[in-house]
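Remarks on the structure that follows.
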Amino acid sequence: MWSFPRIIAHRGGGTLAPENTLAALRCGLAHGFRGVEFDVMALPDGALVLMHDTELGRTVSGSGPVADQTFASLSAADAGAWFSAEFAGEPVPSFAQAAQFCIEHQLWMNVEIKPLPGTEVATGRWVAQACAGLPAGAVLLSSFSTEALRAAQAVAPNSARGLLVEPVPPDWHQQLDQLAAVSLHAQAGALTAAQASAVKRAGFGLMCYTVNDPAQARTLFDWGVDAICTDRLDLITPDFQ
Ligand code: G3P
Ligand code: MG
């Protein structure tokens, strides 16, 4: 069962703003989205930041592993200039800043726990703890890492958790049960109609990422998918049918 938004802005603002920044969240909100997905990583100093990659250079200025950064050093980096001059100087936000923005604007969060390799347990625990004080129903935690989700479950058993997968694995039901997860988050192109209906029959929520083609979105909803995450905020709008 899925009691969350149906259309979710991927990494905050999809293709319309630099990913995983406050500017991206503002963009999603400005386009009428009521739900956003973003990636949260823990730095070795324990700081939680919005970050997708394990290396600097693609979207955040600098080079080398994110694992070598502290919150202070990362705060000096530019997370917007790669996207366009308009966003130059946009910082890497802390999770606390992003969460505060979302709560203030009643923007529901799909917080993807994106651990640096080897930090799955600590990251899952810290993210879940950071979410524990947020209003009920404001957050759905998700991760490709079952270790991170188990750690989140241990410290925050009442947190809503979703398991991210690429193709749906044969033991999906068992994995969801073990994690006491509420939803499966499947790669859209790898999902079949039969899998979608099995997940729904079993009573779980089903979210698909990343859906940028309206025709594909329609097909997925016809299959019973509950929600999609999109980069194309301009093509797949919050009222998409
Ligand atoms: O949560 C859906 C999606 O964000 C998972 O993949 O690599 O874009 O974080 P990725
Ligand atoms: Mg993500």
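In what follows, residues are counted from 1 in the order of the sequence shown. As the structure lists them, so they are numbered: ligands from 1, and atoms in each ligand from 1. Basis for what follows: all heavy atoms, side chains included, without hydrogens, waters or symmetry-related copies.
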Show the atoms of ligand 1 that are less than 4.0 angstrom away from any heavy atom in R11. 7 (O), 8 (O), 10 (P)
Pull out every atom of ligand 1 sitting under 4.0 Å from any heavy atom of K114, numbered as shown with elements. 7 (O), 9 (O), 10 (P)
To the nearest 0.5 Å, what is the distance between CG on L74 and CG on D68? 11.5 Å
Quick one: CG on N158 to CD on Q153, what's the gap to the nearest 0.5 Å? 10.5 Å
Charged tip of R6 within 45° of F221 ring normal and under 6.0 Å: yes
Determine how many protein N/O/S atoms sit closer than 2.8 Å to the Mg ion (ligand 2), leaving waters out since they are not shown. 3
Is a donor on one side and an acceptor on the other found under 3.5 Å between the side chain of W108 and the backbone of G35? no
Return the residue, atom name and 0.1 Å-rounded distance of the protein heavy atom closest to atom 7 (O) of ligand 1. H52 NE2, 2.7 Å
Look at the side-chain heavy atoms of Ile, Leu, Val, Met, Phe, Trp and Tyr, link any pair under 4.5 Å apart, and say whether L107 and L22 land in one connected group. yes
Please determine if Y209 has a nitrogen or oxygen closer than 3.5 Å to a nitrogen or oxygen of ligand 1. no
Donor-acceptor pair between S159 and R161 side chains, under 3.5 angstrom: yes
Would you mind checking if K200 and D226 are paired as a salt bridge, meaning a charged N to carboxylate O distance below 4.0 Å? yes
Between H185 and ligand 1, which residue portion shows a heavy-atom distance shorter than 4.0 Å: side chain, backbone, both, or neither? neither
Is there a nitrogen or oxygen of D39 sitting under 3.5 Å from a nitrogen or oxygen of ligand 1? yes
Among V127, D39, V40, find the residue that satisfies the side-chain contact (heavy atoms from CB on, under 4.5 Å) test when tested with E112. D39
Would you say ligand 1 has an N or O under 3.5 Å from any N or O of N110? no
Hey, which atoms in ligand 1 end up nearer than 4.0 Å to a heavy atom of L164? 1 (O), 2 (C)
Show me which atoms of ligand 1 lie under 4.0 Å from any heavy atom of E37. 1 (O), 2 (C), 3 (C), 4 (O)
Judged by atom type as modelled, is there a donor-acceptor pair below 3.5 Å linking the side chain of N110 to the main-chain atoms of L140? yes
Quick test: of every protein heavy atom, which one is nearest to atom 5 (C) of ligand 1, and how far off is it to 0.1 Å? E112 OE1, 3.3 Å
Evaluate the ring planes of F87 and F83, with Trp represented by its six-membered ring, and classify them as parallel (under 30°), tilted (30 to 60°) or perpendicular (over 60°). perpendicular
Do the side chains of R58 and E19 get close enough for a salt bridge, i.e. N-O under 4.0 angstrom? yes
Can you find an N/O atom of T210 closer than 3.5 Å to an N/O atom of ligand 1? no
